[in-house]
Number of protein chains: 2
Amino acid sequence: MPEGRTGQGYGSESLLFLTDEQLRQGIEAMFFAYRGFTADPDRILAEMSYGRAHHRAIHFINRSPGTTVNNLLSILGVTKQSLNRVLRTLIGDGLVISKVGELDKRERHLYLTDQGAALEATLSDAQRARMRAAYKDAGPEAVQGFKKVLEAMMDADMRRAYAKLRD
Amino acid sequence: MPEGRTGQGYGSESLLFLTDEQLRQGIEAMFFAYRGFTADPDRILAEMSYGRAHHRAIHFINRSPGTTVNNLLSILGVTKQSLNRVLRTLIGDGLVISKVGELDKRERHLYLTDQGAALEATLSDAQRARMRAAYKDAGPEAVQGFKKVLEAMMDADMRRAYAKLRD
DNA sequence: GAGTTTATGTCAGTGTTGTTGACATTCCAA
DNA sequence: TTGGAATGTCAACAACACTGACATAAACTC
């Protein structure tokens, strides 16, 4: 069983010795912060009986218009059946359209409709506002550290997906 | 509708102007990182047909032995019915014990059994290992920024709960 | 002491979101 | 051209959140 140092007196300037206490604080910060991170979109979505899964689909379709279902699948990390249920309601409600691929007719390319783009804007405005406030509160020098740790926390395949989206 | 700057050329050293692109990167980093954050415990829990809800309960009972149900409720931010379902299985499986309060007999004080503590150790060892690796990767100077932004992202009540746990 | 509030637990029902299994369609390669 | 791989859809089920209603016991108030 791995054990960190339990003593005191080590600040973040210590490279090698991270106390269990420091690590635990990071873990709990992550837990509470994620709740805040999703709180605003959750509120908006609840009013229209959508959930987080709808938000995620809308977000990444907006990021990569024309993406295929399979593509979206690998980004979201869920089963195709789970994604399909969400897409079905979004398509049914006229927020997303699905076009059969021209080269490969098995593929479906996904796009937001105007209505879908409007919801996306509402959701991401709320989430950006919170992120902007957090960045301001924490100070601009904190932003790089924040992103660095998060990126280091991802599994390799997520890091790839994350990096790909930055292009 | 709030709109960030869409131009380029502003690094994190710019205090006031955060581009939508910077904010979006933070949002997506948060999304992918949280998956990594929970991946290891999720794997362990799945083998014993427990879920994240069990992990959270075990974690915070370990942090504050003897905490009451109500206390736990406000930290976890779920309904009592939802928490009760989880606690019932944990108590039934002998991982948690519930003691009637001495001062106030309405209250139930929660403790981990040896078996519960063993599972908690397994789960938090895995999660700490990932956090330690992420901190090392990102560099020690990143840790403060990471925690600062996360804390700033919390709602006020979560920030209180988080701060309280640090005592 | 009667009535109210607090803390906890339970039952029933519902919704979102994940899962697996089965299946249809399309493409491609042997 | 036939069989397998890729892609997507439908159905059923499980986990875990929610609301609402109700029960019990203890504590508090007047």
Side-chain angles (χ1 to χ4, degrees), chain A residues 31 34-35 38-39 41-61 66-93 95-110 123, chain B residues 31 34-35 38-39 41-59 61 66-93 96-111:
Chain A
F31 169 69
Y34 197 76
R35 279 238 297 273
T38 57
D42 280 356
R43 256 191 297 277
I44 296 167
L45 291 157
E47 289 172 15
M48 29 185 49
S49 62
Y50 284 146
R52 251 178 236 179
H54 299 87
H55 183 192
R56 293 196 282 258
I58 288 174
H59 175 93
F60 287 109
I61 293 172
T67 187
T68 63
V69 173
N70 230 5
N71 223 315
L72 206 49
L73 232 41
S74 66
I75 288 174
L76 295 176
V78 296
T79 58
K80 57 181 179 172
Q81 295 89 330
S82 198
L83 175 58
N84 189 257
R85 181 166 4 86
V86 169
L87 285 179
R88 209 185 317 167
T89 70
L90 290 174
I91 291 168
D93 293 350
L95 303 184
V96 168
I97 48 173
S98 155
K99 289 185 185 171
V100 173
E102 297 194 353
L103 267 110
D104 188 333
K105 289 177 189 166
R106 292 173 301 181
E107 294 178 340
R108 302 297 138 92
H109 298 274
L110 303 169
L123 293 169
Chain B
F31 169 69
Y34 197 77
R35 278 237 299 275
T38 58
D42 280 355
R43 255 191 297 277
I44 296 167
L45 290 157
E47 289 172 14
M48 28 185 49
S49 62
Y50 284 146
R52 249 177 237 179
H54 300 87
H55 183 192
R56 293 195 283 258
I58 288 175
H59 175 92
I61 293 173
T67 187
T68 63
V69 172
N70 237 358
N71 224 316
L72 205 49
L73 233 41
S74 67
I75 288 174
L76 295 177
V78 297
T79 58
K80 60 174 180 174
Q81 294 91 329
S82 204
L83 175 58
N84 191 257
R85 182 172 1 92
V86 169
L87 284 179
R88 212 184 316 168
T89 70
L90 290 175
I91 291 168
D93 293 351
V96 168
I97 48 173
S98 156
K99 288 185 185 169
V100 173
E102 296 194 354
L103 267 111
D104 188 333
K105 291 176 188 166
R106 293 172 303 180
E107 294 177 340
R108 301 297 140 93
H109 299 274
L110 303 169
Y111 302 86

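This structure is a prediction, so every number in the text was calculated from the model and none was measured. Naming convention: chains lettered A, B, ... in sequence-line order (proteins, then strands); numbering from 1 in each chain.
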> Can you tell me the distance, in whole Å, between the CE atom of A/Met48 and the C1' atom of C/dT16?
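Those two atoms, CE and C1', are 16 Å apart.
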> What residues, two or more places apart in sequence or in another chain, satisfy ring-ring contact (aromatic ring centres under 6.0 Å, His included) together with B/Tyr34?
A/Tyr34, B/Phe37
> Can you tell me how far C1' of C/dT6 sits from CG of B/Asn71, to the nearest Å?
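Answer to the nearest Å: 15 Å.
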> Are OP1 or OP2 of C/dT8 and a side-chain N or O of B/Asn70 less than 4.0 angstrom apart?
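Yes, because at least one side-chain N or O of B/Asn70 sits under 4.0 Å from OP1 or OP2 of C/dT8.
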> Is it true that the side chains of A/Arg108 and A/Thr68 contain a donor and an acceptor less than 3.5 Å apart?
no
> Atom CG of B/Asp104 and atom C1' of D/dC28: how far apart are they, to the nearest Å?
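Checked: the CG to C1' distance equals 10 Å.
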> B/His109: which residues meet the side-chain hydrogen bond (donor to acceptor under 3.5 Å, both in side chains) condition with it, sequence neighbours left out?
none
> What integer distance in Å separates A/Leu73:CG from C/dT19:P?
9 Å
> First locate atom CD1 of A/Ile75, then atom OG1 of A/Thr67, and finally report the distance between them rounded to the nearest 0.5 Å.
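If we round to the nearest 0.5 Å, A/Ile75:CD1 and A/Thr67:OG1 are 5.5 Å apart.
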> In whole angstrom, give the distance that lies between atom CG of A/Leu87 and atom P of C/dT17.
12 Å
> Do B/Leu110 and B/Ile97 have side chains that approach each other closer than 4.5 Å (heavy atoms only, starting at C-beta)?
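A side-chain contact under 4.5 Å is absent here.
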> Nearest-Å distance, CZ (B/Arg108) to P (C/dT6)?
18 Å
> Could you tell me the separation between the CG atom of A/Asn84 and the P atom of C/dT17, rounded to a whole number of Å?
14 Å
> Separation of B/His109 atom NE2 from D/dA26 atom P, in whole Å?
14 Å
> Quick check on D/dC10: is either OP1 or OP2 less than 4.0 Å from any side-chain nitrogen or oxygen of A/Arg88?
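Result: yes.
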> Output the single nucleotide from D/dA26, C/dT8, C/dT10 whose closest atom is nearest the side chain of B/Val69.
C/dT8
> List the steps, then state whether side-chain contact (heavy atoms from CB on, under 4.5 Å) holds for A/Glu107 with A/Asn70.
CA-CA 8 Å; A/Glu107 294 178 340; A/Asn70 230 5; over 6 Å; no
> On the side chain of B/Arg106, is there an atom forming a donor-acceptor pair with the base of C/dT6 - under 3.5 Å, no angle test?
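Such a pair exists between side chain and base.
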> Do A/Tyr50 and A/Ile58 have side-chain heavy atoms sitting under 4.5 Å apart?
no
> Generate the contact string for nucleotides 14-21 of chain D. Rules: B means base contact, S means sugar-phosphate contact only, - means no protein heavy atom under 4.0 Å.
--BBSBBB
